[in-house]
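Below is one structure, written out as structure tokens; comments come after it.
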Amino acid sequence: MAVIESLFTRLQRDAEQHNHRRLLVVSGTKAWCALQAQHFNNVPDLLWIGEPLRCHAAVSDAELSSSQSLPHIKPADLHLILGQTTSSVVFNAWDGFNPNRFGQIAGALAGGSLLVLVCPDLDVWPDYDDPEHKSIVAYPYETVDAGRRFISRVVMLLEDDAYTVIYREKNALAGVEVELPDVMTSVQEGGGDEPILPNRTVDQQHAVELILSQFRRGRRPAVLTADRGRGKSVALGIAAAQLSGLDYQQVLITAPDYAAVDEVFAMAHQLLPDYEYSKGLMQHGDHQIRFLTPELALKEPGDGQVLLVDEAAAIPVPVLSKLLQRFPRIGFASTIHGYEGTGQGFSVRFKKVLDRVTPNWKRIHLKQPIRWSAHDPLESLTFQLLLLNAQAVEGQVLVEAYRAQGDDSAARCPPVIEKLDRDQLIEDYITLGQLFGLLILAHYRTSPGDLRVLLDSPNLHIWLLKIDNHVAGAVLVAEEGPLPSALVDDIWSGKRRPRGHLLPQTLVCQEGAKAAAPLKAGRIMRVAIHPALQREQLGTALLGAVQQYAESEGWDYLGASFAASTDLLGYWHSNGFETVRLGTAKDSVSGSHAALVLAALSVEANRLQQHLRQRFLEQINYRLSDDLIDLDIPLVCRLLQHGEGSFELTSHDWSDLDAFCHYNRSYESCAYTLHKLLLVFLKKVPESRLQIFLQNEDFLLLVERNMQQKSWALLEQRGQGRKQLMRQFRDVVVRVMAAVKES
């Protein structure tokens, strides 16, 4: 028996004995790795991730045929098997090491399985031109320009891990025997309680009971959290089946995409075999269990329906908040350490919303693994490799250090802003963990793939804000532009899309602004301030440091692109950025349009910004009744509030408004004057006064009718007749007129 076969067999036996997952690393030249791979051909149900390695050494026709027919899947197609339990897997790192894909396949493995990582020799792997580099370098950088920090860190962790078995070509040639670490000597055994019912552990049973009991009491949300492999989706499937069997005809399930809930439907169908079953829909008479995107869920009535939200961490908190308000009976489930998005930010930010809106909410955390036993070696290693367990500094620690800066003590530590040398992060585990943990808290879609971008993208700049040497804030900036003059026409016409350069390419291709092509930009990808220190102007200080650097380097402008919301636009406007574009399509998860903001630093960029700003304001009034007709009214007001131009109300206008409010003048004859009144109101009234009006349902209806030109029929569907709407409009216009006169 070959050495590799013996290793595989012994490690497989050990994994099965302890119901653990184990990692075997096969490291050497590509030819040697391919030769070792031949010995996996006869392993039952083995799955290759990436192309099978071809051995060019002398092999039999049977071996060659077996190699060519080996089941394999491209890393980009891994979503097709998410939610399924997989037996042993070979991950071919010669095809590229994508952190998200590695984490996904590790999470899909069952206890008693092996993950075989085939890679270049560990000594030279960091220097290997990984195909994955294509996704993290922007034009005109080549893949060889990508950093080597991520893989260097992976190698160090693999070599330091006590339970990873490494079979290296250089050791095999030297006759060095591979020792198999005994997991029992250092890792505590423990598989937890056995399932007490088919497909239901004690944790799952408690989770289902929590959902049912909370829903019986009205507006009392249930929250399920878990790490991978704890059966969270199965618990949701059991709950969905039981809820559908009660008085709930509509059980709705939402998630960022259907792949995330495939296991939910599989479990529900297993328990309800009489239901007709198709992708995303189970139906029996009047009872339905159906999937819909978060955007579509927001359009459902809510009352009389049940909504279960899976992978809630990968959905923006503002969307979750709207779903919470819309559905009296709602349950949220989230993976705390996930590969699509992290649940730590969800836990911190959304908990505040739940406490404020529905203080009777309850949470359960599923701890018991069901696909493997507790203390699984691969789980611990994967958390380290992908920083799934990265933690930001405790808020109380930062608050105390920040407050101490005001003391007279000579030992006080004021905030320090520094531009980061990323080479320092390789061995500085504390700073890297605090930084990545902060990014996890700050953005719902932070994933392991962002770790590789953070470490290796050649056009990335990072600034840290530290308090007492703790990471309290960070800003990530991608250097973009100029675009090659030879490509501008092809980019403008949509024929070419060079890697990266989101800002200039969007301006050239979508706005037709070829003048953006020769300019150099800094795209602010993330601004993250610890939640405990927000609203202390620390983000503004970080942006100031970025601007100072950009000006010294001759950059023309700074910009950002993000899912538009009232709060975010307010933040960027307050820091000197202007909105120059609002995308036409809405994101299916966030339900938001992408906003693009700019802050010019050079004369040329200022000229471009003013041109784009004028075009945006010219178009916005038309678009509000077209592709932006469903834009939230507070966001509409925020966009128009910062518009240019000086609308003035004439004596004739005031007379028309008086006739509308007090003498039954028709809405249609005063519609444009009302439009002018609203524009003047948004420009003149202070923010505090506007916020009061935004709480007034009559004001919101008026903006919908006048600014977005929603039909009377649509507004009347909300239970208001035309005559009642007119009375409401007249009353609120009187108040708007008074506010304008007082300003």
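Since this is a predicted model, take the numbers as computed values, not measurements.
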*Could you tell me whether the side chains of Glu479 and His461 share a donor-acceptor contact shorter than 3.5 Å?*
yes
*Any chance you could measure Asn459, atom CG, to Tyr139, atom OH, to the nearest 0.5 Å?*
14.0 Å
*asked:* Run Lys74 and Asp95 through salt bridge (charged side-chain N to carboxylate O under 4.0 Å, His left out) and show every step you take.
replied: CA-CA 9 Å; Lys74 294 180 180 179; Asp95 268 7; over 6 Å; no
*asked:* Let's go through Thr446 and Arg526 carefully: what are the C-alpha distance in whole Å and the side-chain angles of both, what is the deciding distance for side-chain hydrogen bond (donor to acceptor under 3.5 Å, both in side chains) to 0.1 Å, and is it a yes or a no?
replied: CA-CA 10 Å; Thr446 301; Arg526 300 277 177 87; 3.1 Å; yes
*Look up atom CD1 in Ile49 and atom CG in Asn98, then write down how far apart they are to the nearest 0.5 Å.*
11.5 Å
*Test Arg452 against every option in Glu132, Arg149, Arg153 by the side-chain contact (heavy atoms from CB on, under 4.5 Å) rule and name the one that passes.*
Glu132
_salt bridge (charged side-chain N to carboxylate O under 4.0 Å, His left out) between Arg496 and Asp489, intermediate numbers included_ = CA-CA 9 Å; Arg496 291 286 300 273; Asp489 286 341; over 6 Å; no
_From SG (Cys119) to CD1 (Ile151), nearest 0.5 Å_ = 8.5 Å
*For Thr540 and Asn575, does a side-chain donor sit closer than 3.5 Å to a side-chain acceptor?*
yes
*Does CD belonging to Gln534 count more than 12 external heavy atoms closer than 6.0 Å?*
yes
*Give a yes or no on whether the ring-centroid distance for Phe91 and Trp48 is below 6.0 angstrom.*
no
*Chi angles and distances behind the side-chain hydrogen bond (donor to acceptor under 3.5 Å, both in side chains) call for Glu511, Thr506*: CA-CA 7 Å; Glu511 294 298 321; Thr506 300; over 6 Å; no
*Could you give the distance from CG (Leu569) to OG1 (Thr579), rounded to the nearest 0.5 Å?*
4.5 Å
_Among Leu115, Leu388, Asp376, Asn389, exactly one meets side-chain contact (heavy atoms from CB on, under 4.5 Å) together with Thr382. Which residue is that?_
Leu388
*Do other residues, nucleotides or ligands put more than 12 heavy atoms under 6.0 Å from Glu427 CD?*
no
*Evaluate salt bridge (charged side-chain N to carboxylate O under 4.0 Å, His left out) for Arg148 paired with Asp130, printing each intermediate quantity in order.*
CA-CA 10 Å; Arg148 300 302 194 258; Asp130 191 328; over 6 Å; no
_Treating Asp567 as the side-chain partner and Gly570 as the backbone partner, does any N or O pair qualify as donor plus acceptor under 3.5 Å?_
no
*Using the six-membered ring wherever Trp is involved, compare the ring planes of Trp572 and Phe577 and label them parallel, tilted or perpendicular (cut-offs 30° and 60°).*
perpendicular
_Worked verdict on Thr143 versus Asp129 for side-chain hydrogen bond (donor to acceptor under 3.5 Å, both in side chains)_ = CA-CA 7 Å; Thr143 56; Asp129 192 12; 2.9 Å; yes
_Distance in Å, Ser447 OG paired with Asn100 CG, rounded so as to fall on 0.5 Å steps_ = 4.0 Å
_Parallel, tilted or perpendicular, judged at 30° and 60°: which one describes the rings of Tyr167 and Trp32?_
tilted
_Stepwise side-chain hydrogen bond (donor to acceptor under 3.5 Å, both in side chains) test for Thr29 and Glu169_ = CA-CA 7 Å; Thr29 62; Glu169 178 180 12; 3.1 Å; yes
_Greater than 12 external heavy atoms within 6.0 Å of Glu418's CD_ = yes
*Look at atom CG of Leu157 and say whether more than 12 heavy atoms of other residues, nucleotides or ligands are closer to it than 6.0 Å.*
yes
*Answer yes or no: does atom CH2 of Trp125 have more than 12 heavy-atom neighbours from other residues, nucleotides or ligands under 6.0 Å?*
yes
*Are Lys134 and Glu142 close enough for a salt bridge, meaning some N to O gap below 4.0 Å?*
no
*If you measure from CG on Asp450 to CG on Leu387, what distance do you get to the nearest 0.5 Å?*
11.5 Å
*Should the pair Arg422-Asp456 be classified as a salt bridge under the 4.0 Å nitrogen-to-oxygen rule?*
no
